[in-house]
> 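Encoded as structure tokens, here's the structure I'll be asking about.
Just so it is clear: chains get the letters A, B, ... in the order the sequence lines come, proteins before strands, and each one is counted from 1.
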Amino acid sequence: NAGVMQNPRHLVRRRGQEARLRCSPMKGHSHVYWYRQLPEEGLKFMVYLQKENIIDESGMPKERFSAEFPKEGPSILRIQQVVRGDSAAYFCASSPGAGVITDTQYFGPGTRLTVL
Amino acid sequence: DQQVKQNSPSLSVQEGRISILNCDYTNSMFDYFLWYKKYPAEGPTFLISISSIKDKNEDGRFTVFLNKSAKHLSLHIVPSQPGDSAVYFCAASAQAGKSTFGDGTTLTVKP
């Protein structure tokens with residue numbers, strides 16, 4: 001049973017380019033979460049999605065960032081016009097989705113974004 | 001405003017001894033708490049959790065204690081093993097889906 005898959009594992013972009021990060025949840029999981037980790041810091045919640053729905057995007061920057069979890073295919077975190085401050089590790093997690101506070105989140109290995 | 005704090009960036013213990021990792025929180029709405037373990041270049045792995053209605057939860061070598069009045073929780077690892085060397089994150093939730101993480105404590109267990 002494959003775990004949460006994220007690709008690419010490493011992504012290098014120049015300032016002003018777009019970054020697309022993909023996350024395939026564990027089989028049978030219908031809830032996806034995105035977190036960002038800056039160096040020497042903890043993970044910061046960005047967004048919580050179910051299939052075709054954004055449940056909570058309170059941690060998403062208001063501009064340049066968007067996320068989706070379509071009916072088919074992986075969840076995508078999209079960052080437009082990247083800046084150096086976007087350099088971070090981006091982690092995706094998934095859960096089976098009873099939608100309750102005790103749902104255990106299973107994390108992927110992360111995508112390390114470097115903006116030159 | 002950091003709502004979950006792990007005040008010790010690092011901890012070093014001898015193999016076989018107890019490791020105690022601490023975490024403090026400020027938001028009284030948090031009612032579910034978790035500990036994760038993270039190796040370099042990997043995602044966090046869930047270790048153990050505790051609901052606010054309990055003050056202790058145990059799973060093998062890992063025990064989490066919660067003191068609601070002090071807004072403090074701790075993770076005890078007994079006995080510590082070299083393979084336990086990793087970064088440990090404390091996290092707290094007030095609602096489904098959204099966890100607030102501390103900055104982590106790097107545990108080193110020396111053989």
> Of all heavy-atom pairs between Lys44(A) and Asp103(B), which one has the smallest distance, and what is that distance?
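The answer is NZ-OD1, 3.9 Å.
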> Are Trp35(B) and Phe30(B) grouped together when hydrophobic residues (ILVMFWY) are joined by side-chain heavy atoms under 4.5 angstrom apart?
yes
> Please report the C-alpha distance between Tyr36(B) and Gln105(A) in whole Å, then the side-chain angles of each, then the deciding distance to 0.1 Å, and finally whether the side-chain contact (heavy atoms from CB on, under 4.5 Å) criterion is met.
CA-CA 10 Å; Tyr36(B) 288 86; Gln105(A) 297 181 17; 4.0 Å; yes
> Under 4.5 Å between side-chain heavy atoms, counting indirect links through other Ile/Leu/Val/Met/Phe/Trp/Tyr residues: same cluster for Tyr90(A) and Val4(A) or not?
no
> Check the surroundings of atom CZ in Arg9(A): do more than 12 heavy atoms from other residues, nucleotides or ligands lie under 6.0 Å from it?
yes
> Using a heavy-atom cutoff of under 4.5 Å, enumerate the residues of residues 40-58 of chain B that contact chain A, numbered in order, or state 'none'.
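Residues Ala41(B), Glu42(B), Gly43(B), Pro44(B), Phe46(B) are the ones that qualify, each having a heavy atom under 4.5 Å from chain A.
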> For Gln37(A), is it the side chain, the backbone, both or neither that has a heavy atom under 4.5 Å from a heavy atom of chain B?
side chain
> More than 12 heavy atoms of other residues, nucleotides or ligands under 6.0 Å from CZ of Arg61(B): is that the case?
yes
> In terms of hydrophobic clusters joined by side-chain contacts under 4.5 Å, are Leu66(B) and Phe89(B) together?
no
> Pick one of side chain, backbone, both or neither for Tyr35(A), based on which atoms fall under 4.5 Å of a heavy atom in chain B.
side chain
> Non-hydrogen contacts under 4.5 angstrom with chain B: give the residues of residues 107-116 of chain A involved, or none if there are none.
Phe107(A), Gly108(A), Pro109(A), Arg112(A)
> Do Tyr25(B) and Phe65(B) belong together in a cluster built from hydrophobic side chains that touch within less than 4.5 Å?
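Not linked; separate clusters.
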> If you count heavy atoms of other groups shown closer than 6.0 angstrom to CE of Met5(A), is the number above 12?
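Open: at most 12 neighbouring heavy atoms sit under 6.0 Å from CE of Met5(A).
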> Pick one of side chain, backbone, both or neither for Leu43(A), based on which atoms fall under 4.5 Å of a heavy atom in chain B.
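Both parts, backbone and side chain.
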> Relative to chain A, which segment of Ala91(B) carries a heavy atom at a distance below 4.5 Å: side chain, backbone, both, or neither?
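Neither part, no heavy atoms under 4.5 Å.
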